[in-house]
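Here is the structure we will look at.
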Amino acid sequence: MCLFGCSGPALMGAYVLLSLARLRRRTLVLCGILAVMTIPLAAAYDGWAAIPLAADGATIFAALFGTIMILRATA
């Protein structure tokens with residue numbers, strides 16, 4: 001839980017939505033394919049509860065993005 005009562009999945013979703021405008025076309029296509037495939041897989045395996053859990057687990061990668069950019073700029 002964050003300071004303002006937000007959850008990890010909600011913040012990760014907001015981060016993804018806000019960053020969509022800055023992504024390259026190929027990355028947008030990949031994100032679209034992944035989002036579209038999530039729906040039938042969740043419906044087929046009744047895994048709707050797994051989506052917020054996966055988003056919560058993915059929040060650690062958002063913290064690493066800045067580090068990756070610094071490493072890339074250094075190299």
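All heavy atoms count here, side chains included; hydrogens, waters and symmetry mates do not.
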*Answer yes or no: is there a side-chain heavy-atom contact under 4.5 Å between T67 and L71?*
no
*Find out whether W48 and I39 are in side-chain contact, i.e. whether some heavy atom of one side chain is under 4.5 Å from a heavy atom of the other.*
yes
*According to a 4.5 Å side-chain heavy-atom criterion applied to Ile, Leu, Val, Met, Phe, Trp and Tyr, with indirect links allowed, do M37 and V29 form part of one hydrophobic cluster?*
yes
*Any chain of hydrophobic side-chain contacts (each under 4.5 Å) joining L17 to L28?*
yes
